[in-house]
Amino acid sequence: MPVNNYEKVWHNGKFIPWAEATVHVAAHVISYASCLFEGIRCYETPQGPAIFRLKEHTDRLVNSCKIYRMDLSFTREQLAQAMVELVRVNNVKHCYIRPVVFRGYGEVGVNPLKNPIEIYLLAWEWGKYLGDEALRHGVDVCISSWQRIAPNTLPAMAKAAANYMNAQLIKMEALTNGYVEGISLDSAGHVSEGSGENLFLIRDGKIITPPLSASVLPGITRDSVMTLAQEIGYPVSEQEVSREMLYIADEVFFTGTAAEITPIRSVDRIVVGKGQPGPITRKLQERFLSIVQGQAEDKYGWLTLCSQPVAAGR
Ligand SMILES: Cc1ncc(COP(=O)(O)O)c(C=O)c1O
């Protein structure tokens, strides 16, 4: 098994064994990358497993499908409920949930419209994406020579498999050159995001993140961090970021479902601030983790407890 997976998979409304969640190689998605997906964390909390921002992830999935003209035969509420059931039937304490929607086996040409739409919900165990040390001490990253997808090429607001061919180039180049992660610039040369993370910088007590027009994925952790930053007295400004602003920032960090809040200690081997996680990054990290792990009050209603019925609208 490639991952530490959980046994039951939800497929188009039914639970099937992991080993049966397979696809024919002639499926449209294999040749043409016609797949939209999500990555969602379900945290272990004292009240049982809790899915983080289930509604927002489900909304983003449905929006990604809408952009690619895929009509789903399940409502947002049904999909959200199915994810809660996925956690329950697999009897997990915590997991990573991966919904995938793709064009399946049917016609073999580029035209996707006649192929069936398949929806799968999978779950597996996933620790810290960039490593435990990364969260504590920060990571060394580089600016990629690969540019992020330009507007009018592939829509960055959709979490589409095709976008991750670009992300793979960024990631492989970074790893080959001894970095943990790469940051791409957008087609205008401004900072966009990491291969699988949004990016924030702090300078003179101001928090800045690139706007959605910089071809970034509208990250749900990004949105959560904007809320928490406001709460601790640092409203975030969405503005263009030039590469060199990262070099002279006091603090820089990544956000993402997988990366959570990961400090960045150097960019292109130029040390950021003091070369260790800064005080604002730390504060945001602590606040974020205490909410998602159910240690602090869930004042923004971000957690869906899987041991209780799903509330209407969540
Ligand atoms: C390209 C990209 N940007 C940003 C993010 C962060 O988004 P989120 O916080 O919703 O996981 C991800 C992760 O899904 C990503 O793949």
Side-chain angles (χ1 to χ4, degrees), residues 33 35-43 51-64 67 80 83 95-101 122 124 126 128-130 134-135 139 141 143-144 146-151 153-174 180-187 190-201 209-229 236 238 241 252-262 264 284-285 288-289 291-292 300 302-304:
C35 171
L36 293 314
F37 69 101
E38 271 303 316
I40 309 174
R41 271 196 198 261
C42 173
Y43 285 92
I51 305 178
F52 180 63
R53 303 203 71 176
L54 176 59
K55 179 183 184 306
E56 290 76 8
H57 279 286
T58 310
D59 285 348
R60 191 171 65 186
L61 179 67
V62 172
N63 289 342
S64 297
I67 292 168
M83 285 188 252
C95 63
Y96 180 84
I97 301 171
R98 166 61 54 83
V100 283
V101 180
L122 318 160
W124 58 79
W126 219 11
K128 303 300 173 199
Y129 178 58
L130 299 174
L135 278 188
V139 290
V141 306
I143 302 295
S144 184
W146 293 101
Q147 188 179 288
R148 179 86 172 124
I149 47 175
T153 60
L154 290 166
M157 286 187 81
K159 192 168 167 68
N163 299 1
Y164 289 84
M165 291 300 272
N166 171 254
Q168 288 174 54
L169 292 169
I170 294 165
K171 186 80 182 180
M172 289 188 291
E173 181 188 56
V180 166
E181 185 54 290
I183 296 169
S184 56
L185 305 180
D186 68 12
S187 55
H190 300 119
V191 172
S192 179
E193 60 179 354
S195 74
E197 307 86 7
N198 293 115
L199 185 114
F200 288 74
L201 72 93
T209 194
L212 296 187
S213 57
S215 296
V216 304
L217 183 77
I220 290 160
T221 322
R222 174 184 185 270
D223 179 74
S224 311
V225 162
M226 287 167 87
T227 300
L228 296 179
V236 176
E238 290 175 88
V241 174
V252 183
F253 62 86
F254 280 137
T255 64
T257 297
E260 298 174 308
I261 298 177
T262 298
I264 293 174
L284 288 167
Q285 225 183 15
F288 177 81
L289 291 175
I291 294 178
V292 299
Y300 303 107
W302 285 343
L303 299 178
T304 298

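Whatever order the structure lists ligands and atoms in, that order sets their numbers, starting from 1. Treat the numbers as computed from the prediction; the structure is a model and nothing was measured.
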Min side-chain heavy-atom separation L185-I143 under 4.5 Å: yes
Open item on the list: Tell me whether K171 is salt-bridged to E181, with the criterion being a basic N under 4.0 Å from an acidic carboxylate O.
Closed with: yes
Practice task
Before giving the answer on side chain to side chain contact (heavy atoms under 4.5 Å, CB included), spell out for Q285 and L135 the whole-Å C-alpha distance, their side-chain angles and the decisive distance to 0.1 Å.
Solution key: CA-CA 9 Å; Q285 225 183 15; L135 278 188; 4.0 Å; yes
Ligand 1 atoms nearer than 4.0 angstrom to some heavy atom of I220 are 8 (P), 9 (O), 10 (O)
Check: of L199, I170, N198, min heavy-atom distance to atom 4 (C) of ligand 1 comes from N198
Among non-hydrogen protein atoms, atom 11 (O) of ligand 1 lies closest to T257 OG1, 2.6 Å
Closest to atom 7 (O) of ligand 1 among protein heavy atoms sits G219 CA, 3.4 Å
Student check: side-chain heavy atoms of W302 and Y43 closer than 4.5 Å
no
In this structure, atom 1 (C) of ligand 1 is nearest to the protein heavy atom E193 OE2, 3.4 Å
Taken to the nearest 0.5 Å, the spacing of M172 CE from S144 OG works out to 10.5 Å
*Mind checking whether I51 and H57 have side chains closer than 4.5 Å, heavy atoms only?*
no
Under 4.0 Å from one or more heavy atoms of G256, ligand 1 contributes atoms 6 (C), 9 (O), 11 (O)
Touching ligand 1 at all, S224? Heavy atoms, strictly under 4.0 Å?
no
Logged contact type for S195 with ligand 1, heavy-atom cut-off 4.0 Å, is backbone
The closest protein heavy-atom partner of atom 9 (O) of ligand 1 is T221 OG1, 2.6 Å
Near Y164 (heavy-atom distance under 4.0 Å), the atoms of ligand 1 are 1 (C), 2 (C), 15 (C), 16 (O)
protein heavy-atom neighbour closest to atom 12 (C) of ligand 1 works out as G196 O, 3.2 Å
| task | Give a yes or no on whether the backbone of L217 and the side-chain of E193 come within a donor-acceptor separation of less than 3.5 Å. | result | yes
* Asked: K159: heavy atom below 4.0 Å from ligand 1, yes or no?
  -> yes
TODO: Check whether any side-chain heavy atom of I264 sits under 4.5 Å from a side-chain heavy atom of L199, and report yes or no.
DONE: yes
- Non-hydrogen atom of R60 closer than 4.0 Å to ligand 1: yes
